[in-house]
2 protein chains.
Amino acid sequence: MTKPLRRDAELNRQRILKAAQEVFAARGVDVMLDDIAHHAGLGVGTVYRRFPTREDLVEALFDTRLAEIVSWADEGLAHADPWTGLTGFVEQATAAMAADRGLRDIAFSRAYGRRRVAEIREMLAPRVEALVTRCQEAGVVRTDAAGVDLVLTQFMVAALLEYAEPVAPGLWRRYLTLILDGLRYGTTPLPVPPPEVENMDRIAENWRPPRRAGSG
Amino acid sequence: MTKPLRRDAELNRQRILKAAQEVFAARGVDVMLDDIAHHAGLGVGTVYRRFPTREDLVEALFDTRLAEIVSWADEGLAHADPWTGLTGFVEQATAAMAADRGLRDIAFSRAYGRRRVAEIREMLAPRVEALVTRCQEAGVVRTDAAGVDLVLTQFMVAALLEYAEPVAPGLWRRYLTLILDGLRYGTTPLPVPPPEVENMDRIAENWRPPRRAGSG
DNA sequence: AATTAAGTGGAGGAACATCCTCAACTACCC
DNA sequence: GGGTAGTTGAGGATGTTCCTCCACTTAATT
């Protein structure tokens, strides 16, 4: 039922998507839409006409990016060696997030992607769980680790990306290696249980929170 | 040459310090001074009269807190077992930062503490270096690790605190253990060198940065 | 080439957040 | 009780972000 756009309008739509992609990647999904418009060489009004909310832009751009991550998880699960499957997945996902600050936001924050993106995110959890379990059965991951641990460590590495990536690109590989070694070779009993799955959402809500969402 | 304060004024000064301590601990050093005043049951003007800048409050409160961390490092160095010395230090420091969001800010951010606090921070680096080196000589830390690695991992754990501590208190112990295990038992060669010390400041500048300090 | 509907630009108003001053007031101290 | 130090908190100054609106431009149609 949607009428096709006029030729110039369609061209501008593409320009906006390209600009949004670039600006999101460089500065995260919280940038002003004005900046995207400017970067696209267009007026703000045009952006708002085509994508009334930031969410519309996010959905249009990150739907496939997240699906890609899910497919990497599947590839990891299909890999002959469980450990290589796990590390390969983690490295691919982290590399993608290192290159795109917006992707980090979408992957972790619960502030965007209420629609499609949230569904895709939920597809990831069981796969990550399986990646870990498979390694444990093969005896190459400590038995007291859990699937959520991988998510939490990704959180930490993503935080490192926020701080260090612009200054020391690629440094994350050093600390990811360190953490994965801990996961593989560590023997010190983990002193507290992993978080409940219900808590993961509440933890994710603190990803890049609004400046003054303070408590009392 | 500083005249003693009038009795009521001195009392209020104490009230302000106590309130600031509590509010900083709960919500970080970026809270509005208005909030501190209100929490102390005083008017904003009083706070501004006594501590003209936020920096004054910070210096008054965190000088000793940071010195305490330095002394823990010394205790760690004095401990008979190098590994226990190292982990003991790291755990004490992290526990302190888990309990005080303001302390995290002061320890990592370069936005405050240009004066005294910065000096104390600089006393820490060589001690941390020594803690690691001593463990390596004893053969209980991988030889390709460096002193700065401990700082960077603390960065990651501190980030985890930001996200998870309000929701799942104490969870940090799980991931700190994992990381320390990696540091001790890991064998996978670390793929990139540690950051130059000069870069550490630039990384720290991204700790809780102003909302729109974006690049181009 | 004239008509019309679709699309565009971007200044600027609205809604906030934060900072910090200052004039009227109050409390201490001698 | 006079003088000085101290207190107050509403509100002006400043800054940020969002998003609308309408005069203007351009593509499509006849």
Side-chain angles (χ1 to χ4, degrees), chain A residues 1-20 23-24 26-58 60 102 105 109 111-112 208-216, chain B residues 1-20 23-24 26-58 60 102 105 109 111-112 208-216:
Chain A
M1 210 55 266
T2 33
K3 252 196 204 169
L5 292 173
R6 227 169 63 177
R7 188 153 16 92
D8 57 341
E10 178 58 34
L11 179 67
N12 285 338
R13 205 184 94 96
Q14 298 304 329
R15 282 202 189 117
I16 292 168
L17 284 171
K18 182 155 179 286
V23 178
F24 281 166
R27 292 162 51 202
V29 288
D30 276 349
V31 288
M32 291 184 289
L33 293 200
D34 300 48
D35 291 344
I36 292 173
H38 186 257
H39 191 256
L42 298 169
V44 221
T46 306
V47 173
Y48 278 97
R49 158 177 277 262
R50 210 51 70 203
F51 301 95
T53 72
R54 184 187 308 273
E55 180 92 8
D56 293 312
L57 261 176
V58 166
D105 291 343
S109 159
Y112 298 105
R208 204 98 77 84
R211 202 78 173 129
R212 290 260 162 260
S215 50
Chain B
M1 210 57 265
T2 35
K3 252 197 205 167
L5 293 173
R6 226 169 62 181
R7 189 156 12 95
D8 57 340
E10 179 57 34
L11 180 67
N12 284 339
R13 206 183 93 96
Q14 297 306 328
R15 282 201 188 120
I16 293 168
L17 284 171
K18 181 155 181 286
V23 178
F24 280 165
R27 292 162 52 202
V29 289
D30 275 349
V31 288
M32 292 184 289
L33 293 200
D34 299 49
D35 292 344
I36 293 172
H38 186 258
H39 191 258
L42 298 169
V44 221
T46 307
V47 173
Y48 278 97
R49 158 177 275 263
R50 210 51 70 203
F51 301 95
T53 73
R54 185 186 306 274
E55 179 90 11
D56 293 312
L57 260 175
V58 166
D105 291 343
S109 159
Y112 298 106
R208 203 100 75 81
R211 201 79 174 129
R212 290 259 163 260
S215 51

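Per chain, numbering begins at 1; letters A, B, ... match sequence-line order.
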In whole angstroms, the gap separating P of dA10(D) from NE2 of His38(B) amounts to 11 Å

Please report, rounded to the nearest Å, how far the C1' atom of dC19(D) is from the CG atom of Leu57(A).
14 Å

Look at the side chain of Asp34(A) against the base of dC19(D) and say whether a donor-acceptor pair falls under 3.5 Å; ignore hydrogens and angles.
yes

Within a strict 4.5 Å, meaning less than it, do heavy atoms of the Tyr112(A) and Asp105(A) side chains meet?
no

Nearest-0.5 Å distance that lies between atom CZ in Arg13(B) and atom CZ in Arg6(B)
16.0 Å

Could you tell me the separation between the CG atom of Leu5(B) and the C1' atom of dC29(C), rounded to a whole number of Å?
14 Å

Is there a side-chain polar atom (N or O) of Arg49(A) under 4.0 Å from OP1 or OP2 of dC21(D)?
no

Could you report the tightest heavy-atom contact between Leu57(B) and Ile16(B), atom names first, then the distance?
CD2-CG2, 4.2 Å

Distance col, row Asp8(B):CG vs Leu11(B):CG, nearest 0.5 angstrom, shows 7.5 Å

Expected output: side-chain Arg54(B) to main-chain Val31(B) donor-acceptor under 3.5 Å:
yes

I want to verify a distance call: between dG6(D), dA6(C), dT8(C), whose nearest atom is closest to the Lys3(A) side chain?
dA6(C)

Working to the nearest 0.5 angstrom, can you tell me the gap between Leu17(B) CG and Asn12(B) CG?
11.0 Å

Could you state the interatomic distance from CZ (Arg27(A)) to CE (Met32(A)), rounded to the nearest 0.5 Å?
7.0 Å

Considering heavy-atom distances to DNA chain D, does Arg50(B) or Val44(A) have its closest nucleotide positioned more toward the 5' end?
Arg50(B)

Rounded to the nearest angstrom, tell me the gap between atom CE in Met32(A) and atom C1' in dG10(C).
14 Å

Rounded to whole angstroms, how far apart are CD1 on Ile36(A) and P on dG10(C)?
17 Å

Whole-Å distance separating the CG atom of Asp35(A) from the C1' atom of dC19(D)
14 Å

Among residues 6-18 of chain A, which ones have heavy-atom contacts with DNA chain D below 4.0 Å?
Arg6(A), Arg7(A), Asp8(A)

So, OP1 or OP2 of dG7(C): does either fall under 4.0 Å of a side-chain N or O from Thr46(A)?
no

Checking dC18(D), dG7(C), dA10(D) against the side chain of Tyr48(A) (C-beta onward), the nearest is dC18(D)

